[in-house]
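Accompanying notes for the structure given below.
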Amino acid sequence: MKFSKTYEPNQYEPDVYALWEKSGAFKPSDDPKKDPYTIVMPPPNANGNLHIGHGLTIALEDILTRYYRLKGKDAWYVPGADHAGFETWVVYERKLEAEGKTRFDYSRDDLYNQVWSFVHEQRGNMELQLRALGASCDWDSLTFTLDPKVIDTVYSTFQKLWKDKLIYRGEKLVNYCTKHQTAFADIEVTHKEEQGKLWQIAYPLVNPVNDITEVVVSTTRPETLFGDTAVAVNPNDKRYEALVGSLVELPLTDRQIPIIADEHADMEFGTGVVKITPAHDYDDFEVGQRHNLEKITVIGNDGKMTKETGFNYEGLTVEQARTKALEALKTQGLLRGEENITHSVGHCYKCGTTIEPLLKEQWFVNVEPLAKRAIEVLKAGKIKFHPANKKQVLIHYLENIKDWNISRQIPWGIPIPAFQNVDDPTDWIFDTRVKETEITVNGKTYKRDNDTFDTWFSSGQWPYITTSEHPNHFPTSVMETGADLLFQWVGRMIMLSLYITDDIPFKDVYMHGMVLDEKGQKMSKSKGNVINPIEIVSKYGSDALRLGLIASRSAGVNQAFSTSKVMASRNLCNKVWNISRLVQDIVDNNPTDNDEVEIRNLGEDWICEQINQTNKQLGKLMENYRFAEAGDLIYDLIWNKYADWFVETEKLWKNTNLLKSTLEQLLKMLHPFAPFVTETIWQTLSWTDGMLIKESWPELYEYDQDKADQYTELTEIITNIRSHYQNIPGANNYPIAFHDDPLMYDNQLLIQHLTKSPCVPKINAEDAAGLHLAIHNHNIYIQIPKNIHDKYKANLEDHILKMGQEIITLEKRLESPNYVTKAPKELVEETRRTLADKKALLEKAKAELELI
RNA sequence: GGGCGGUUAGCUCAGUUGGCUAGAGCGCGUCUUUGACGUAGACGAGGUCAUAGGUUCGAAUCCUAUACCGCCCACCA
């Protein structure tokens, strides 16, 4: 294979990926001598397409995996596919709707089978896309969230929780979406501030007490009045003391309900009297429990009024019932006023329908004991968080956690393995024969619970399920996922893992922020601003997407996608490609008969120093998950150091073996960040064997520090000369002269080459003429005639002024006795040295100005 | 109501225990077809680090307050 002029990613990426996959490079070795390094991929939706957020996820996880693989760890990146219970169900239900059907036209088992085939028709897309992104994951270990091993574990966990009395079936209020007809966990509800109205409604007393004939309640939900079973006042409220125990007429009905005393009633709010609707309000439910009140459901699963509301209202929507009730109350003179208020209303995160708190019998996990252990572990610092503050946020959440409703009323999910005695509704048993709708146990008939598990109940067990066949890979090394999943997923994984395995699920947590569109707005289909990662890949290459995504992005922070960063990254790939092309060319034209790597010139010591520094620095950055800085660092090494200086220098020296060796090191260090281009180069270079992905991380070079420093000095001299050549028109036609300067003498050719000077002669002190450059302690002259000094003179004056200011600053610092006594000695010393240097330079420059 | 984050160059953002002249990419200006790369090379311009105080020898960095912008959590009917 030969190097083309520009790197065309599409031409190589699929083949390179296939090569890796075929070679088994993604598989863990399970070599006991190697440290395991494990990342479990947050499973993408099996039947969906990847979005740009997945691009970031894969980039981060794969960078880590490849880095530690090169570092010699037994790296294992475990892919997954999510049945995405609710998400997929919503898509499928829409399809049913388009066909004029509803879920009620089929049995649960039918629906499950239908969705199963639907998902499997779509499946595979996502997996191809993961390959396009370069994910070096072990495909043989892919787990689908409905695989038997997942279901088995979920069932045994459920059973254990049940046995430990941490699971209970309870009739409680649940967050219910009346469109999707399913319940949600608290954290799945989206709360929005909304403009609403607060109505005052009079409830007449059955028997007036003293002069009081009625109480007035305030409500934002008058239609729930049909479900009222009490009105409450605060026990300390003197105004209503005498009324407690009396009955009021419930308007629009023929019922009478009691006035009770409960702390829940806020004396400051409105009239201090509150209606109690235990079946439709969380607080009222609690009040109802305390006072043993009846719970009357007046809104059904379909969001319509139930028959409890009487035939005038039955079948109306909530909105209709509200309007109608208000009219009726007005007619009866019981509506006492209305005001505008802003309040927070829960919505379905998928369709935006207002969430109704409805009374349901569901399975709940008593999470408090689980949370307690998680808190202990977190407080003990057993799991490190990036960003660090997420740990505190999670602890705070866990400290206030409420029971977790794990029942969902959608057919697409893991069936709950529980059966109810048909003759005794309180008799529930655990049984995994979920394919049967009815079973017989001990002569009794049991009916299946038709609900399925909340997806997060299974996902929450993901780390130990997916690693079960390579147990030495658990606990996993790091859980990398979106910051929005802190409670929903990360918290639950920690709790369930401690409960089931007695161990943490992962040692580190890294949370990334959202990828926003270029304007910094959240991407959404409805806004039409969604960026498809695969399109970016085909346009700029997979490596460019990866590098572009990690650039300037820090943990937990939402950040805009930047095409310019992707382009800069593509350019880097092209740069490395062309560096390799040139090195290959030099190698071809300057063959060697051995592999000995020798350092023969200052620039070679210098590049070894630079590579070593980057190598060490990268290690630190990777340990701390500082991807953006790591990317910058390697970019800087390749572009600003290797290409701009070392390669230019080697055009003269052509140290073949060192060029080979240093290029290999560069490729290895860049590989985690840009796997495709580096592997493609590796496959193209004439002297490399095998595959880059299987190589090991480079060792440090041995080099001469003094020589490296001398080269650094040379780069400064050269830059300075170039600057003068550029700034003084015509100056570049004149030689650079020096006298009594070994560094210049030894590097005449190099300086000439890099400055494109006509020549670099050594002269005698008495012949010194032209511009005297004040660079360190060198005596360098650009031999230009006096008549083109003018421009330089202005520059020099400027320079002198600036130096003068710097000197004043330094002097002030040193004059302060506090600085001299309190600051570290080395720092003070350094300041002194700098000051001395600056002063010397200033004198030189001044003298020079005299000459002009 | 509680909590968390942000404010640094024209734009998007880095800046990890306080310490060289505050950095990058893009953009901008001038120059350059040098034996790989114009997806390039060379040189350069551009910042009172939101504001006001404080701590310190020294603050973009720590503390306090203010302003503006985000996000999360919460049952105020």
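Electrostatic pairing of A:K519 and A:D517 does not count as a salt bridge here, judged by no charged N lying under 4.0 Å from a carboxylate O. Taking the charged nitrogens against the carboxylate oxygens, A:E356 and A:R221 do have a contact shorter than 4.0 Å, which makes a salt bridge. Between A:K402 and A:D186 there is no salt bridge, since no side-chain N of the basic residue sits under 4.0 Å from a carboxylate O of the acidic one. We find that A:E623 and A:K620 are not joined by a salt bridge, their nearest charged nitrogen and carboxylate oxygen being 4.0 Å or further apart. Between A:D508 and A:K384, no side-chain nitrogen of the basic residue sits less than 4.0 Å from a carboxylate oxygen of the acidic one, so the salt-bridge criterion is not met.
Note: CG (A:L582) to P (B:C37) measures 9 Å, nearest angstrom. Taking atom CD1 on A:I728 and atom P on B:G44, their separation rounds to 12 Å, with Å as the unit. We find that CG of A:N389 is positioned 12 Å from C1' of B:C71, with the value rounded to whole Å. A:D266 has its CG atom 12 Å from the C1' atom of B:C75, to the nearest Å. Distance CZ (A:F561) to P (B:G25): 18 Å, rounded to an integer number of Å. Note: CD (A:E263) to C1' (B:C76) measures 14 Å, nearest angstrom. Atom pair A:L516:CG and B:C69:C1' shows a separation of 14 Å (rounding to whole Å applied). Between the CG atom of A:L652 and the P atom of B:G35 there is a distance of 12 Å, rounded to whole Å.
A:Q559 comes within 4.0 angstrom of sugar-phosphate atoms only, judged by non-hydrogen atoms across all strands, and of no base. A:D644 comes within 4.0 angstrom of the backbone, heavy atoms only, and of no base. Among the protein residues, A:N624 comes within range of no part of the nucleic acid, since none of its heavy atoms lies under 4.0 Å from any strand. At the heavy-atom level, A:A551 lies nowhere under 4.0 Å from the strands shown. Note on A:H264: a base of the nucleic acid sits closer than 4.0 angstrom, heavy atoms only. Within 4.0 Å of A:V274, counting heavy atoms only, lies at least one base atom of the nucleic acid. Within 4.0 Å (heavy atoms only), A:S580 reaches no atom of the nucleic acid at all. When heavy atoms are screened at a 4.0 angstrom cut-off, A:A265 is found touching base atoms of the nucleic acid. Across all strands, A:S723 comes closer than 4.0 Å only to sugar-phosphate atoms, never to a base (heavy-atom distances).
Contact of A:E648 with B:A36 (side chain to base): a donor-acceptor pair of N or O atoms is detected under 3.5 Å. Judged by atom type and distance alone, A:K575 reaches the base of B:C37 through a side-chain donor-acceptor pair under 3.5 Å. Below the 3.5 angstrom threshold, one finds a donor paired with an acceptor across the side chain of A:K654 and the base of B:G35. A donor-acceptor contact under 3.5 Å links the side chain of A:K565 to the base of B:U12. Checked by distance alone, A:Q726 brings a side-chain donor or acceptor within 3.5 Å of a matching partner on the base of B:U30.
Comparing B:U8 with B:C49, their P atoms are spaced 11 Å from each other, to the whole Å. Comparing B:G23 with B:A45, their P atoms sit 13 Å apart, to the nearest whole Å. When the P atom is compared between B:A14 and B:A40, the two are found 25 Å apart, to the nearest whole Å. Going from the P atom of B:G35 to that of B:A42 covers 15 Å, rounded to whole Å. Taking atom P on both nucleotides, B:U32 is separated from B:C69 by 50 Å, rounded to a whole Å. The same atom, P, is picked in B:C20 and in B:A59; the two are 12 Å apart, to the nearest Å. A distance of about 16 Å separates the P atoms of B:C63 and B:G3, rounded to the whole Å. Spacing of C1' atoms, B:U17 relative to B:U56, comes out at 16 Å, to the nearest Å.
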**Report entry** Test log, rule side-chain contact (heavy atoms from CB on, under 4.5 Å), inputs A:Y349 and A:F184
**Finding:** CA-CA 10 Å; A:Y349 74 95; A:F184 289 114; 4.0 Å; yes
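Comparing B:A77, B:C43, B:U16 by their closest approach to the side chain of A:E629 singles out B:U16. For A:R626, the listed nucleotide lying nearest its side chain is B:U16; candidates were B:A77, B:U39, B:U16. In this structure, of B:A14, B:A77, B:C37, it is B:C37 that holds the atom nearest to the side chain of A:K5. Closest approach to the A:R581 side chain among B:A36, B:C76, B:G25 is made by B:A36 (side chain taken as heavy atoms from C-beta onward). Closest to the A:W639 side chain, of the nucleotides B:C76, B:G41, B:C73, is B:G41.
Phosphate proximity of B:G5 to A:K390: absent, as no side-chain N or O sits under 4.0 Å from OP1 or OP2. In terms of phosphate contacts, A:N571 brings a side-chain nitrogen or oxygen within less than 4.0 Å of OP1 or OP2 of B:A40. The side chain of A:T719 contributes no N or O atom lying less than 4.0 Å from OP1 or OP2 of B:A42. A close approach under 4.0 Å does not occur between any side-chain nitrogen or oxygen of A:R570 and OP1 or OP2 of B:U39. Taking side-chain N and O atoms only, A:W577 has no distance below 4.0 Å to OP1 or OP2 of B:U39. Between A:R722 and B:U32 there is no side-chain N or O to OP1 or OP2 distance below 4.0 Å. Distances shown here put every side-chain N or O of A:S552 at or beyond 4.0 Å from the OP1 or OP2 atom of B:A24.
In this structure, A:K402 and A:R553 both approach RNA chain B, and ranking their closest nucleotides by distance from the 5' end singles out A:R553. If A:K756 and A:N640 are placed on RNA chain B by their nearest nucleotide, the residue sitting closer to the 5' end is A:N640.
Taking a pair to require two hydrogen-bonding distances under 3.5 Å in either a Watson-Crick or a G-U wobble arrangement, B:C68 pairs with B:G6. Pairing for B:G53 is with B:C63, a Watson-Crick or G-U wobble pair whose two hydrogen-bonding atom distances lie under 3.5 Å. B:G35: no Watson-Crick or G-U partner with both key distances under 3.5 Å is found in any strand. In this entry B:G47 has no Watson-Crick or G-U wobble partner, no candidate having both defining distances under 3.5 Å. Remark: B:U30 base-pairs with B:A42. Criterion, Watson-Crick or G-U wobble with two distances under 3.5 Å. Across all strands shown, B:A24 is found opposite B:U12 as a Watson-Crick or G-U wobble partner, with both distances under 3.5 Å.
For A:W577 and A:Y12, the ring centers are positioned less than 6.0 Å apart.
Residues A:P758 and A:Y734 have side chains not in contact (no heavy-atom distance under 4.5 Å, counting atoms from C-beta outward).
Relative orientation of the A:F646 and A:Y642 rings is tilted, given thresholds of 30° and 60° on the angle between their planes.
Between the side chains of A:Y7 and A:N578, not a single donor N or O lies within less than 3.5 Å of an accepting N or O.
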